[in-house]
Amino acid sequence: MEMLDLFASEYKWERDRIMNDVFLDEYFMLKDKIEKRNKQEYIKQINIQMLPHMDEKDRKKFLDDLQKDLNKPTQKTDFLSVEQAKTKYGFK
């Protein structure tokens with residue numbers, strides 16, 4: 001259900017397209033890209049709205065924490081589990 005909600009809200013895709021056209025390994029890669037893009041947008045919005053009103057120390061800490069989160073390595077796909085899921089659910 002998370003996959004349906006994510007792609008329907010982000011890309012406005014319909015249920016059938018998501019279920020039929022998105023492979024499990026693609027889901028994890030796209031999910032990471034969406035989350036990173038959303039965090040980058042959040043940083044832009046914060047810069048516009050809040051940062052001018054914060055003191056320098058708090059502003060730097062806040063931005064550093066967000067930047068660290070963006071720089072985290074992306075989740076690695078467990079290809080063995082993907083292959084097992086494909087076999088289990090008849091996609092292979």
Side-chain angles (χ1 to χ4, degrees):
M1 294 308 272
E2 179 186 357
M3 181 167 65
L4 289 173
D5 179 63
L6 180 67
F7 293 133
S9 64
E10 186 72 19
Y11 300 127
K12 311 300 184 242
W13 291 351
E14 295 180 4
R15 182 185 187 283
D16 288 342
R17 178 173 183 189
I18 297 166
M19 297 305 291
N20 295 326
D21 296 342
V22 178
F23 294 101
L24 193 56
D25 53 340
E26 289 176 315
Y27 161 72
F28 291 108
M29 290 182 277
L30 289 170
K31 181 178 180 238
D32 286 342
K33 286 183 179 187
I34 291 167
E35 288 174 352
K36 189 170 187 172
R37 183 173 51 247
N38 288 341
K39 287 176 186 174
Q40 288 170 333
E41 181 61 29
Y42 181 62
I43 287 174
K44 282 191 246 178
Q45 292 300 319
I46 290 296
N47 276 314
I48 293 168
Q49 296 177 10
M50 285 182 56
L51 292 182
H53 307 289
M54 296 172 76
D55 67 34
E56 186 63 31
K57 180 182 165 191
D58 291 337
R59 180 175 32 241
K60 182 168 179 10
K61 182 183 181 326
F62 183 75
L63 288 174
D64 286 347
D65 289 345
L66 285 174
Q67 194 63 46
K68 282 180 195 173
D69 197 36
L70 282 174
N71 293 334
K72 281 184 191 175
T74 57
Q75 181 179 356
K76 292 188 178 184
T77 303
D78 180 358
F79 289 106
L80 177 60
S81 294
V82 171
E83 291 302 316
Q84 290 172 343
K86 285 179 183 178
T87 301
K88 181 178 179 178
Y89 295 108
F91 294 109
K92 194 169 184 184

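Because only heavy atoms are used, hydrogens play no part in the values below, and waters and symmetry mates are left out as well, while side chains stay in.
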Crowding at CD, Glu14 (>12 non-hydrogen neighbours, <6.0 Å): no

Over 12 foreign heavy atoms within 6.0 Å of NZ, Lys60: no

Can you tell me how far apart [atom1] ([X]) and [atom2] ([Y]) are? Round to the nearest 0.5 Å.
X     : Y     : atom1 : atom2 : result
Lys36 : Glu41 : NZ    : CD    : 15.0 Å
Glu26 : Met3  : CD    : CE    : 10.0 Å
Phe7  : Glu2  : CZ    : CD    : 9.5 Å
Asn38 : Lys33 : CG    : NZ    : 14.0 Å
Tyr11 : Ile18 : OH    : CD1   : 10.5 Å
Met29 : Leu24 : CE    : CG    : 10.0 Å

All ring pair (Phe, Tyr, Trp, His ring centres under 6.0 Å) counterparts of Phe23, not counting sequence neighbours: none

Residues forming a salt bridge (Lys or Arg N to Asp or Glu O under 4.0 Å) with Asp65, sequence neighbours excluded: Lys61

Heavy-atom side-chain contact between Asp32 and Glu35 under 4.5 Å: yes

Side chains of Leu6 and Tyr27 in contact at under 4.5 Å (non-hydrogen atoms): yes

Closest non-hydrogen atom pair, Arg59 against Met54: NH1-O, 3.2 Å

Closest non-hydrogen atom pair, Ile43 against Leu63: CG2-CD2, 4.3 Å

Test side chain to side chain contact (heavy atoms under 4.5 Å, CB included) applied to Trp13 and Asp21, step by step: CA-CA 10 Å; Trp13 291 351; Asp21 296 342; over 6 Å; no

